[in-house]
Structures are given as structure tokens and as C-alpha cells.
Amino acid sequence: MPVGREGDRTERARAIIRRLARAYPDASIALDFSNPFELLVATMLSAQSTDTKVNEVTAILFSKYRRPEDFLAVPEDELKADIRPTGFFNQKTRALRAMSQKLLESFDGEVPGTIAELVTLPGVARKTANIVQANAYPQLARKDRDAGIAVDTHVGRLAVRLGLTDFGSKEAGKIERDLMDSIAKKDRLRAANLLIEHGRRVCIAKRPLCGHCVIEPLCPSSQRAGLADRYRLARG
Ligand code: SF4
């Protein structure tokens with residue numbers, strides 16, 4: 001029987017990931033980095049910012065700040081000025097310095113690879129931990145029982161529209177648990193990048209392009225099929 005718009009979430013999630021993987025074979029994280037530490041810093045800077053803006057800033061930042069020690073060696077105001085274009089620079093400066101301090105104190109200056117260790121770093125919650133692990137330590141992610149799926153604004157919105165969660169798009173922790181229940185571990189690494197890619201290109205927040213959507217036959221929010229948008233309904 002073909003997988004439809006309703007019904008078993010695991011089967012629908014598998015079919016959705018399969019179709020998205022065919023549509024976006026090169027889907028990957030949009031942040032530029034060359035090692036786990038750079039990825040961690042870039043991910044922390046990306047809060048309330050765009051990946052493009054973060055990449056502009058880190059293109060210069062990473063030639064000056066290469067190790068945790070470098071974030072502690074400069075005066076706070078200098079670091080603030082260096083990351084200012086990413087917004088919320090006061091909080092981000094504090095978080096970057098505290099994270100660097102903890103890396104030096106507890107992890108010999110290296111970024112750890114397990115979710116349990118990553119979330120001990122100041123300023124690092126599950127979303128950042130999942131992004132760092134999935135993209136910097138994919139081998140570890142396959143073995144880590146705490147490995148999940150980074151739920152950002154795109155992943156949250158798509159999970160709601162696709163009926164892969166019972167919760168609203170702001171409830172990232174609960175959405176992540178629903179996605180972990182329905183997306184097989186082997187697919188989790190690429191699932192977030194695929195959903196983000198689709199959210200940016202087609203399943204846009206304000207005006208989803210349902211007529212151009214490769215997962216339209218699997219979507220209970222398809223406007224092409226005249227269905228209500230679950231994301232808008234949940235937001236009221
Ligand atoms: S059919 Fe429309 S609402 Fe559903 S995933 Fe595709 S673009 Fe988004």
C-alpha cells in the first residue's frame with residue numbers, strides 16, 4: 001500500500017527522507033568550518049543570525065581565534081567587536097568565553113564528541129550539541145544513544161506541517177523526541193540537513209510552494225490538495 005498523508009509516522013518519515021535525499025543529494029550544513037572547534041563557535045554565533053552572516057564573520061574571525069585560549073586572551077570588548085555583526089554579541093561573547101574556559105578545564109582544549117559531554121559546555125544545549133556531533137563526529141553520532149536531531153526553526157516547522165509531531169513548532173525538545181521516535185538512527189544524521197534544505201527552498205514559512213514539493217503526496221498540510229496548514233493553525 002502506498003504511504004499517504006496520514007498514518008504510520010515511521011513509514012512516512014522514511015519515505016519523506018528518501019524523497020528529500022533524492023531531491024537534495026548534496027544537502028549539508030551551511031556553516032563554514034574546518035574543525036570541530038570552528039563548527040562549535042559558528043553554531044553558537046548562528047543563534048538569532050543567518051548562516052550567511054555568520055560565514056562572513058567567521059571568515060575573518062577564524063584567522064584570529066584558532067583555539068579556546070584565543071577567546072580568553074583578548075579583552076572582552078575586542079571579542080564583542082569581532083562578532084558584533086552576528087547580533088546578541090554581549091551574550092555570545094560571554095558564552096564563547098565560558099565555553100572556551102570549560103573546554104580547557106575539562107577537555108584539554110578539545111571539543112568532546114558525545115552529546116552528554118557537549119551539553120556540559122556553557123551556552124550549548126541539545127540543538128547545538130546535535131549539530132556539532134552530526135557534522136563533526138558522524139561516526140560517534142551513530143553509536144551515541146543520546147544522539148538526536150537538531151530542531152531549528154525549519155525542522156520544527158516541517159515536523160509540524162508533515163504531521164511528524166503532536167507539538168507546536170516552538171517546542172523543540174518535544175519535537176526532537178517525536179522525530180527520534182519516527183526517524184531511524186541511520187537517517188538522523190542527514191534528516192536535519194535535508195529538512196532544512198527543503199524548508200529554505202520550498203516549504204517556506206509564509207508561503208510554502210506546495211505545487212513544487214517532492215513530498216507533497218506525503219504531506220497533511222498540502223495547500224495544493226486544499227488542506228489546512230498545520231503550522232499556521234498551531235500558531236493561531
Ligand atoms: S506540501 Fe507544502 S506544506 Fe507540505 S511539505 Fe510540501 S511545501 Fe511544505
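First listed ligand is number 1; within each ligand, the first listed atom is number 1. Everything quoted here is computed from the prediction, not taken from an experiment.
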task = Without swapping roles, check the side chain of R157 against the backbone of S169 for a donor-acceptor pair under 3.5 Å.
result = no
Test log, rule side chain to side chain donor-acceptor pair (under 3.5 Å), inputs E216 and S222 = CA-CA 6 Å; E216 190 276 334; S222 167; 2.6 Å; yes
inquiry  = Per the salt bridge (charged side-chain N to carboxylate O under 4.0 Å, His left out) rule, what does the pair list look like for residues 117-146, sequence neighbours excluded?
reply    = R126-E176
query = Taking the side chain as C-beta and beyond, is there a heavy-atom pair between L20 and E197 under 4.5 Å?
reply = no
message = Please determine whether a side-chain nitrogen of the Lys or Arg among E105 and K102 lies less than 4.0 Å from a carboxylate oxygen of the Asp or Glu.
response = no
inquiry  = Please give me the protein atoms (N, O or S only) lying under 2.8 Å from atom 4 (Fe) of ligand 1, ordered by chain and number.
reply    = C219 SG
query = Are side-chain heavy atoms of H198 and L194 found at a separation under 4.5 Å?
reply = no
